[in-house]
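What follows is a set of notes on a single structure, which appears directly below.
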Amino acid sequence: MTELLCPRGNQSSVRGAIGRIDPCRRGRGVTSILGTALLILALVLPLSVAAAQEAPQLLSAPPAAAQGAFMPGRVLVGWKPGATERSRRDLLAGQGWQTLRTIDELATDIVAVPDGQELAAVAALQAEPTVAFAEPDYLAYAAGVLMAPAAQANPPLSAQGVQPNDTFWSAQWSLRRIQLPLAWALNQGVASVVVAVIDSGIDLSHPEFAGRLQPGFDYVEWDTVPQDQYGHGTHVAGVIAAAGNNGLGVAGSAWNVQLAPLRVLDRNGAGTASNIAQAIVAASNRRVQVINLSLALSGPSVAVQNAIAAASSNDILVVAATGNNSLPGQPPAAVSYPAAYPEVVAVAATTRWEERASYSNGGPQVTVAAPGGEASDPVYSTSLSGGYAMLYGTSIAAAHVSGAAALLRGYAPQWSAAAVSDTLRNTAAKVGSAPYVAGRNDLLGHGRVDAAASLRWAIPPFLSLTPESPYLLAAAGQPLPSATVTLGNQSQQPLSWQITSVSPGWLRVDLPWSGSVAYPDAPRLQIGLYSLPPSLGQNWGSIGLRTVDPFGQQRNYVITVRVNVVSHMRQLYLPTVGQGVLATSWVNVSNGGLGLLLGDDGVQTVPLAFSFPFYGRNYGQAFVHANGFISFGASYPGAAYALNHCLPSVMGPNGAIFALWDDLDPSQGGSVIYRSTASYLAVEWRDVPHKSGGASTFQVILRPGGRVQINYGATVQSASATVGAESWDASFAWPVACNNVGQPPVSGQSLLWNTALP
C-alpha cells in the first residue's frame with residue numbers, strides 16, 4: 001500500500017523520522033526540526049547489569065516539535081453518522097485525495113493529500129456537511145533534553161512493607177516515595193490486569209517481562225513485532241511492571257500484571273496522532289484495564305480524543321504525561337495533549353524531595369502527580385538489550401501512576417475506571433510548597449499519588465477493637481486500675497465512632513467519647529473505674545459503641561469489660577545475683593539478629609522458638625517495648641506506658657519483665673535488636689536514649705523452662721527506672737528497683753531468676 005506522496009516542503013508542516021510512515025526517508029538522514037517545545041522525557045545514564053554485558057547506548061534526542069507541527073502530506077477526516085462509504089470515497093476522489101487507512105471504530109479516515117496543501121485540505125473538508133472534523137496529523141514525541149546525572153547516594157532502606165531483592169532496589173527512591181513497599185504487602189499485581197503501553201515498543205526479550213507480554217502491534221513498521229528501537233517504551237514499561245523480588249535489576253510497580261506493547265514512536269522517539277489513535281482503539285477493543293500514554297502531541301487531535309473517549313466508555317483508565325515544556329522560574333507551560341483531555345488522568349512530575357519538577361507542565365487539567373525525577377535524581381528502570389537505565393520526566397511520572405492504577409484494578413476488580421481515578425485523587429499526598437485550594441492546585445493536581453493509601457481505600461471500612469474484652473484487676477487499698485482499648489480500621493475510608501452507653505455505674509470511659517478512625521490512625525479508649533465493684537471475684541460491665549461509614553451505614557458494637565476484685569496481692573522480692581560475671585554471659589545479638597523499628601513508645605511482636613512459662617501461663621511470642629520491658633499476652637503501646645510506676649500494681653503493664661522501664665526513645669538513636677533461636681530469645685536495647693538524658697545498654701534473655709537473665713552494659717541510666725517482674729494478674733510481683741529505691745542495676749551486672757511456677 002502506498003503511504004503518501006513524497007513531501008516537497010511546507011512552512012507549516014514538519015518532516016520527521018516516523019519509520020515507514022515516510023516512504024521518502026530511504027537514503028536520507030533525519031531532517032532537523034526547529035521549535036521550542038521540549039516534550040516528555042529525557043534519558044540520562046544507562047547501567048549495565050554485569051561487566052560482561054555491554055551497556056546500552058544513550059538515546060539520541062528527537063528534535064523538538066514546534067507547536068502545531070504535523071506530518072506532511074496527510075490529514076485525518078472524521079465523518080458524521082450517515083455518511084456512506086461511497087459518498088466519502090467520492091468526496092475525496094473528487095479532490096484527488098487518497099484514503100490510506102480507515103479507523104472504523106472512529107469513523108475516521110487517514111487521507112493522503114499533496115504536500116503543502118494540508119491546511120487547505122483541512123479547511124475544505126471542514127466545510128463539507130458530512131464531515132464531523134478534519135485536522136492535520138499532528139506529530140508526537142517522547143523525549144527531551146539529555147543530561148548526565150550527578151552521582152547518586154543510595155537512600156537508606158526502610159524496613160516497612162515488602163523489600164524486594166532486586167539489584168538496584170536501594171536506588172529506586174521513586175517507588176518508595178509513592179509507598180509501594182506498603183502497597184505490596186496487600187497486592188503485588190495480578191495477571192488478569194493488562195496495561196497497554198503505547199510508546200516506542202518494549203524490549204521483547206528483556207528478562208524483567210518474561211511471560212507477561214501479550215501480543216502487540218507495531219504501527220510504525222506495520223507488523224506484529226513491536227520491538228523497541230529507542231528505549232523509552234521499555235523504560236516506561238519497567239516502571240509499570242518490571243518483575244519484582246527476582247534478584248535481578250529493578251522492581252516495577254505491579255510485578256505480575258500483563259503488558260500489551262503497542263509501538264507508535266519510531267527509533268528516534270517520534271510518532272503521529274493517527275498511529276496513537278489506532279493504538280488506543282486497539283487497546284480499547286482488547287478491553288485492557290489501563291492505557292499509558294507517556295508522550296505529547298504538538299496539537300489537539302480530535303481523532304485521539306475520540307479514541308480516548310471510546311476507551312473510557314469501555315471502562316479503561318487512560319493515564320498521560322502533562323509534558324516537559326516548563327522552564328525554571330517561569331509559570332508552568334500548558335498541559336500537553338492528550339493529557340489535557342478531560343477523560344485522561346493527567347500526571348505532573350515531582351522530584352525526589354517532593355516538590356514539583358521545574359520542567360513539569362501545569363494547569364487546571366492536572367489530576368495527580370508522581371515522581372518524575374530530575375537530572376540530579378533520575379529514575380532507574382529497564383532499557384534495551386536486557387539492560388537498565390536512568391531517565392526523568394513526566395513520562396516516568398505517568399508510568400508510576402499507571403503502575404499504581406494497575407495494582408488497584410487488581411485489588412478491587414469490581415471497581416470502575418472512574419472509581420479508580422477518584423481513589424487516586426482522594427488518597428494523594430499533599431506535597432510541595434504550593435497551597436491546595438479545595439483539595440488541589442494547578443501544579444500537582446490533588447497531590448502525589450500514594451499507592452498504599454489507594455489500596456487501603458479499597459478495603460471496606462470496619463472497626464476492630466484490641467482487646468475486644470478488656471480485663472481489669474482491682475484490690476482494696478490499691479489504685480483503681482485502667483485499661484486501653486485501641487480502635488482500628490484497616491481502610492483509608494474513615495469511620496466515625498461514638499460511645500452510646502456505659503454500664504454499670506462503677507465503670508468509666510474517659511473523654512473523648514466520639515471521633516473518627518482511618519488507617520493508620522489508632523485512637524484509644526481509656527477504660528477505668530469510678531469505684532470498686534460491689535463484690536469480690538468476677539464483675540462485668542459493658543460499653544456500647546456505634547460507627548457510621550462514609551456511605552451512612554451504621555454498625556453497633558459492645559465491649560465487654562471483666563473486672564476481677566481480689567482482697568490482697570502477694571509480693572516476693574528478688575535478690576541481686578551474678579554481679580561481675582557479665583563478660584561471660586552477654587549474648588551477641590548482632591550475629592544473626594534482626595532490628596526492630598519501635599519508634600517512640602512503640603511495640604513489636606517477636607517470636608519464641610519454644611514455649612515460655614510465665615507465672616502459670618505459657619507463651620509462644622513476646623511483645624518488645626521501646627520503653628525497656630517485655631510483656632506477654634498483651635501489648636502496651638503509646639505514651640501512657642512511658643511513665644513507669646512501682647511494683648506491684650493492678651495498673652498496666654501487667655504480665656511483664658521490666659529490664660529498665662523508663663521513658664526511652666529508640667527513634668532518637670541507638671537500636672533495639674533481637675535474636676531468636678531454639679535455645680534462647682535475646683533482646684538488646686543498645687545505646688537507647690532516655691527522654692531525661694543519657695542512654696542505656698541492656699539485654700533480656702529468655703531460655704526454655706522459664707529462666708530469665710537481664711544483663712546491663714557499659715552505660716546504664718537507672719535512677720528513674722523500674723526494674724523487676726510482675727505476673728499477668730499482678731498477684732505476684734518481684735520488685736528490684738523503682739525510681740532509685742531498692743537496688744538499681746549498675747553496669748556489668750546480671751539478674752537471674754525463673755518464672756516457672758512449682
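Heads up: numbering here begins at 1 and tracks the sequence. Below, all heavy atoms of this structure are taken into account, side chains as well, without hydrogens, waters or symmetry copies. Nothing here was measured: the structure is a model prediction, and the numbers come from that model.
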**OP:** Write out all pairs satisfying side-chain hydrogen bond (donor to acceptor under 3.5 Å, both in side chains) with one or both partners inside residues 603-622, taking only residues at least two apart or from two chains.
**Re:**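 Sorted pair list: Y615-W753.
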Original post:
What residue pairs, at least two apart or across chains, pass side-chain hydrogen bond (donor to acceptor under 3.5 Å, both in side chains) with a residue in residues 457-473?
Top reply: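 For residues 457-473, and leaving out neighbouring residues, the side-chain hydrogen bond (donor to acceptor under 3.5 Å, both in side chains) pairs sorted by first residue read Y471-N564.
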Residue pair [X] / [Y], side-chain heavy-atom distance below 4.5 Å:
X: T560; Y: W540; answer: yes
X: H400; Y: S174; answer: yes
X: L529; Y: P481; answer: yes
X: W169; Y: P164; answer: yes
X: I657; Y: L702; answer: yes
X: L487; Y: Y557; answer: no
X: T715; Y: S747; answer: no
X: P744; Y: V723; answer: no

Do side-chain atoms of [X] reach the backbone of [Y] as a donor and acceptor pair under 3.5 angstrom?
X: S496; Y: V548; answer: yes
X: N539; Y: G537; answer: yes
X: D663; Y: K691; answer: no
X: S676; Y: L681; answer: no
X: S491; Y: I459; answer: yes
X: W173; Y: G373; answer: no
X: E684; Y: V700; answer: no
X: R177; Y: R352; answer: yes
X: N711; Y: S585; answer: yes
X: S718; Y: A721; answer: no

Original post:
Is it true that W685 and W661 have ring centroids separated by less than 6.0 Å?
Top reply: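 That pair fails the under 6.0 Å test.
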[X] [atom1] to [Y] [atom2] distance, which is reported to the nearest 0.5 Å:
X: T500; Y: N556; atom1: OG1; atom2: CG; result: 6.5 Å
X: S482; Y: L480; atom1: OG; atom2: CG; result: 9.5 Å
X: L182; Y: Y519; atom1: CG; atom2: OH; result: 6.0 Å
X: L455; Y: N187; atom1: CG; atom2: CG; result: 6.0 Å
X: W734; Y: L751; atom1: CH2; atom2: CG; result: 14.5 Å
X: T423; Y: Q493; atom1: OG1; atom2: CD; result: 7.5 Å

Subject >> Criterion side-chain contact (heavy atoms from CB on, under 4.5 Å) on V449 and R425, from CA distance to verdict >> reply: CA-CA 7 Å; V449 159; R425 291 196 301 269; over 6 Å; no
Original post:
According to the ring-ring contact (aromatic ring centres under 6.0 Å, His included) rule, which pairs have a member within residues 591-614, sequence neighbours left out?
Top reply: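 Residue pairs with at least one partner in residues 591-614: F612-F632, F614-F632.
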So, [X] and [Y]: side-chain donor and acceptor under 3.5 Å apart, yes or no?
X: T484; Y: Q526; result: yes
X: T677; Y: S679; result: yes
X: T722; Y: H645; result: no
X: Y680; Y: R675; result: yes

Closest non-hydrogen atom pair between [X] and [Y], with its separation:
X: L444; Y: G432; value: CD1-CA, 4.3 Å
X: L408; Y: A458; value: CD1-CB, 4.0 Å
X: Y436; Y: V431; value: OH-O, 2.7 Å
X: V162; Y: W184; value: O-CE3, 3.7 Å
X: S253; Y: L180; value: OG-CD1, 3.6 Å
X: L407; Y: Q188; value: CD2-C, 3.6 Å

**OP:** Would you please name every residue forming a side-chain contact (heavy atoms from CB on, under 4.5 Å) with P637, sequence neighbours left out?
**Re:**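 Residues passing side-chain contact (heavy atoms from CB on, under 4.5 Å) with P637: R524, V603, S635.
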Original post:
Listed by chain and number, what are the side-chain contact (heavy atoms from CB on, under 4.5 Å) partners of S590, not counting sequence neighbours?
Top reply: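 Listed in chain order: N588, R686.
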Original post:
Between L463 and L495, is a side-chain contact (heavy atoms from CB on, under 4.5 Å) present by the stated rule, with each step listed?
Top reply: CA-CA 8 Å; L463 186 71; L495 281 173; 4.1 Å; yes
**OP:** Could you go through the side-chain contact (heavy atoms from CB on, under 4.5 Å) check for L660 and Y712 one step at a time?
**Re:** CA-CA 9 Å; L660 201 72; Y712 296 95; 4.2 Å; yes
Original post:
Y641 vs Y636 aromatic rings, parallel, tilted or perpendicular, using cut-offs 30° and 60°?
Top reply: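 Because their plane-to-plane angle is over 60°, the rings of Y641 and Y636 count as perpendicular.
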Original post:
Which pairs with one or both residues in residues 444-461 pass salt bridge (Lys or Arg N to Asp or Glu O under 4.0 Å), sequence neighbours excluded?
Top reply: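 Qualifying pairs, neighbours excluded: E354-R448.
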**OP:** Would you check, one step at a time, whether the test side-chain contact (heavy atoms from CB on, under 4.5 Å) holds for L596 with I673?
**Re:** CA-CA 6 Å; L596 297 175; I673 307 168; over 6 Å; no
**OP:** From the options D601, D662, D665, select the one residue that forms a side chain to side chain donor-acceptor pair (under 3.5 Å) with N627.
**Re:**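 In the set D601, D662, D665, the residue that makes a side chain to side chain donor-acceptor pair (under 3.5 Å) with N627 is D601.
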